[in-house]
Structures are given as structure tokens and as C-alpha cells.
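First up is the structure itself, then whatever we jot down about it.
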Number of protein chains: 2
Amino acid sequence: MNGNVGEFLKENGIKPSFQRIKIYEFLMNSKEHPTVENIYNALYSQIPTLSKTTVYNTLKIFMEKGIAMAINIDENEVHYDATTYLHGHFKCQRCNHIFDFSISLEDVTDEALENFEIIEQQVFLYGVCPSCKNKS
Amino acid sequence: MNGNVGEFLKENGIKPSFQRIKIYEFLMNSKEHPTVENIYNALYSQIPTLSKTTVYNTLKIFMEKGIAMAINIDENEVHYDATTYLHGHFKCQRCNHIFDFSISLEDVTDEALENFEIIEQQVFLYGVCPSCKNKS
DNA sequence: GTATCTGCAAAACATTTGCAATTCT
DNA sequence: AGAATTGCAAATGTTTTGCAGATAC
């Protein structure tokens with residue numbers, strides 16, 4: 001999906017409006033797991049009429065269609081991610097950066113869960129990242 | 001810690017007020033991972049003057065002293081747990097029940113994290129529990 | 001021309017804060 | 001009395017909702 005975001009949205013049943021394309025492009029290219037606030041601030045200069053309501057609405061649609069996911073790693077705000085395949089998130093409690101790491105489904109399931117139908121999984125780790133450890 | 005909750009709070013550096021004892025007892029005995037609302041509603045009949053502010057304050061102290069933890073599995077409200085050793089949480093998307101399951105630290109860490117200092121970990125699974133699966 | 005999409009303003013809701021009253025020792 | 005605790009009322013901050021205007025097909 002490196003070419004046309006509009007096409008990608010269509011393929012996923014989403015009408016590719018200007019706002020939706022811009023929001024998806026930003027989310028896709030961001031490695032920062034942006035919040036609604038982050039997305040709004042980043043796009044405001046390009047789209048001066050943008051409202052946060054539209055950002056909220058759009059992210060909701062993306063999630064319903066399975067092309068984005070919410071990351072509830074933060075107490076206050078929800079972060080969003082265009083990468084929907086299984087991976088873990090590490091949040092540094094000093095610099096607040098969120099790092100991705102890989103993980104497999106077998107890692108997080110237990111035999112006690114064999115009769116449970118698992119639809120989604122989230123693995124969050126909290127601590128201090130290497131860069132912040134070196135500073136102390 | 002089956003005997004005296006007041007003693008347990010003292011051992012953890014918390015002055016055992018009536019409200020604090022009642023809140024900890026409720027949290028400890030609950031397997032439902034209650035929210036602030038749940039705790040408040042459950043104790044209101046016993047402690048008619050109780051305020052939610054006190055519940056918030058008390059849970060904050062419990063977390064600071066390491067005898068309770070927040071579970072951010074829900075989009076809306078924070079759930080609390082008196083069990084602070086590592087375990088995962090499964091949330092049924094139909095009945096909203098939260099189930100515990102066991103997990104080990106090696107399960108959730110990746111070699112890419114070897115230079116990260118891990119202080120806390122949360123593993124959340126979402127899906128359908130066996131009881132709800134049978135009903136469908 | 002009708003559906004959908006957008007965005008403002010207000011509402012909703014969980015949580016936090018300021019401060020005065022209460023309690024405990 | 002003095003220090004900590006409690007709880008009301010108001011503030012805060014994120015997210016949702018209602019609805020009117022704009023846009024797209």
C-alpha cells in the first residue's frame with residue numbers, strides 16, 4: 001500500500017475524502033503513535049478548517065474497518081496506530097515515547113484460555129528506555 | 001493477609017482509616033476488577049458519607065504503596081485490582097467480564113528489549129468467553 | 001437532489017483540584 | 001491543638017452528540 005491511500009481506503013469500504021486521506025497518511029507515516037491532539041495539530045496547517053470531531057469520527061471508521069487500532073497505553077489520551085498486526089508496545093516513563101516490539105500470539109496465551117475466543121490482544125510494557133537509562 | 005486489613009495497610013505505610021480499610025477489603029474480596037463507580041456504589045450503603053473523591057484518593061495511595069494496580073483494559077473507566085503480581089486480563093466483549101489468566105515475564109519480553117528496563121507489564125486480551133460462546 | 005461528510009457548539013463523563021469541615025491522637 | 005483525612009463543589013480535559021451547512025455523486 002505504498003502508492004495510493006485513496007485506493008486503499010476504497011478497498012476497505014471507506015469513501016476517500018480529503019480529510020480521511022490526510023489523516024490516514026499521517027497515521028501511516030507516523031511512528032509516534034499519535035493522539036487525536038497530535039493528528040489535529042499536525043494537519044491543522046494543511047487543513048485549516050479541520051475539526052477534532054472529524055479526527056474522532058475518522059479514526060472510529062478506520063477502527064471499524066480494521067485499518068487502525070487504538071492503543072490504551074496511556075492513562076489520559078488514546079494513541080492510534082495504523083499497524084494492526086500483533087505487536088507489543090513499550091512506554092518509557094521518562095520520555096513518554098512508545099516503542100514497538102514484536103511478539104507472537106502463542107506468547108500471550110495460556111492453556112487456561114483454550115475455550116476463549118481471542119479477537120484482539122494488547123501487550124503493554126512500562127519502564128525506562130535505553131536512551132533515558134544512559135542519561136541517568 | 002487473611003486476618004487484619006488494618007495491620008496490612010500499616011505494614012505498607014498507610015494509616016488505616018475506616019474508609020481505607022473498607023475500600024481495601026472490598027477490592028481484595030472482589031474478583032470483578034471494580035471501577036471507582038463500582039466501589040463507591042458497593043460501599044455507599046455502609047458508609048453514607050463516602051465520596052468518590054475519597055475513593056480516588058485512596059486508590060491512588062494504594063497504587064503508590066504498591067498494594068493495588070490500575071487496569072486500563074476498558075476504553076472508558078479504569079478498573080482496579082488488589083492482585084499486583086504479574087497476570088493477564090481477558091475481557092469478554094459480550095458480557096464485559098474481565099478474567100485473569102497466568103503469564104510469565106519471559107512470555108511478554110522480546111530480545112529486542114534487552115536494553116530496556118521493564119518496571120510494569122500489562123497483557124490484555126479481548127474476545128468472547130466460553131459462557132457467551134455457548135449462548136450464541 | 002439526495003446521501004454522506006464535515007465541523008461548530010454544547011453536552012457528557014471520568015478524574016482532579018481547592019478548600020473548608022471533620023476526625024484522630 | 002496540630003496534622004492528616006475526608007468530602008463537597010467546581011474545574012479540567014477528553015470524547016461524544018446534535019444539528020446545520022457544505023460537499024459529493
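Protein chains get the first letters and strands the later ones, always in sequence-line order, with residue 1 at the start of each. All values below come from the heavy atoms of this structure, side chains included, with hydrogens, waters and symmetry mates left out. Predicted model, so just to flag it, every value in this text is computed and none were measured.
The distance from atom NE2 of B:H79 to atom C1' of C:dT15 is 15 Å, rounded to the nearest whole Å. Atom-to-atom, CG of B:L9 to P of D:dA4 comes out at 18 Å; the value is rounded to the nearest Å. Note: CZ (B:F18) to C1' (D:dG7) measures 15 Å, nearest angstrom. Computed from coordinates, the B:E37 CD to C:dA12 P distance equals 16 Å when rounded to whole Å. Protein atom CG of A:L43 is 15 Å distant from nucleotide atom C1' of C:dT6, rounded to whole Å.
Both B:V78 and B:L43 are members of a single hydrophobic cluster when ILVMFWY side chains are connected at heavy-atom separations under 4.5 Å. Note: the hydrophobic cluster containing B:F62 also contains B:L50 (ILVMFWY, side chain heavy atoms under 4.5 Å, direct or indirect links).
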Between protein and nucleic acid, restricted to nucleotides 21-25 of chain D and to nitrogen or oxygen atoms under 3.5 Å apart, what atom pairs and distances do you find?
none

Grab the N/O contacts between the protein and nucleotides 22-25 of chain C below 3.5 Å, and write none if there aren't any.
none

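Residues from residues 46-78 of chain A that place a heavy atom under 4.0 Å from any atom of DNA chain C, listed by number: A:T49, A:L50, A:S51, A:T53, A:T54.
Here OH of A:Y40 is found 10.5 Å from CD1 of A:I47. Values are rounded to the nearest 0.5 Å.
Look at C:dT23: its Watson-Crick or wobble partner, with both distances under 3.5 angstrom, is D:dA3. Across all strands shown, C:dT17 pairs with D:dA9; the Watson-Crick or G-U wobble distances both stay below 3.5 Å.
With a 4.5 Å cut-off on side-chain heavy atoms, A:N96 and A:K91 count as touching. In this structure the side chain of B:K135 never reaches within 4.5 angstrom of the side chain of B:R94, judged on heavy atoms. Side chains of A:F116 and B:F101 form no contact here, defined as non-hydrogen atoms less than 4.5 Å apart.
The backbone N or O of A:H33 lies less than 3.5 Å from a partner atom in the side chain of A:H79, making a donor-acceptor pair. Using a distance-only test at 3.5 Å, with no hydrogens or angles considered, a donor-acceptor pair links the side chain of B:D110 to the main chain of B:A112. Side chain of A:Y24 to backbone of A:T58: no donor-acceptor contact under 3.5 angstrom is found.
Along DNA chain D, the nucleotide nearest to B:I14 and the one nearest to B:Y40 differ in position, and the one closer to the 5' end is contacted by B:I14.
Aromatic ring pairs are classed by plane angle as parallel below 30°, tilted from 30° to 60° and perpendicular above 60°; the pair B:F99 and B:H97 is tilted.
The minimum heavy-atom distance linking A:S104 with A:L86 is given by the pair C-CD2, 3.7 Å.
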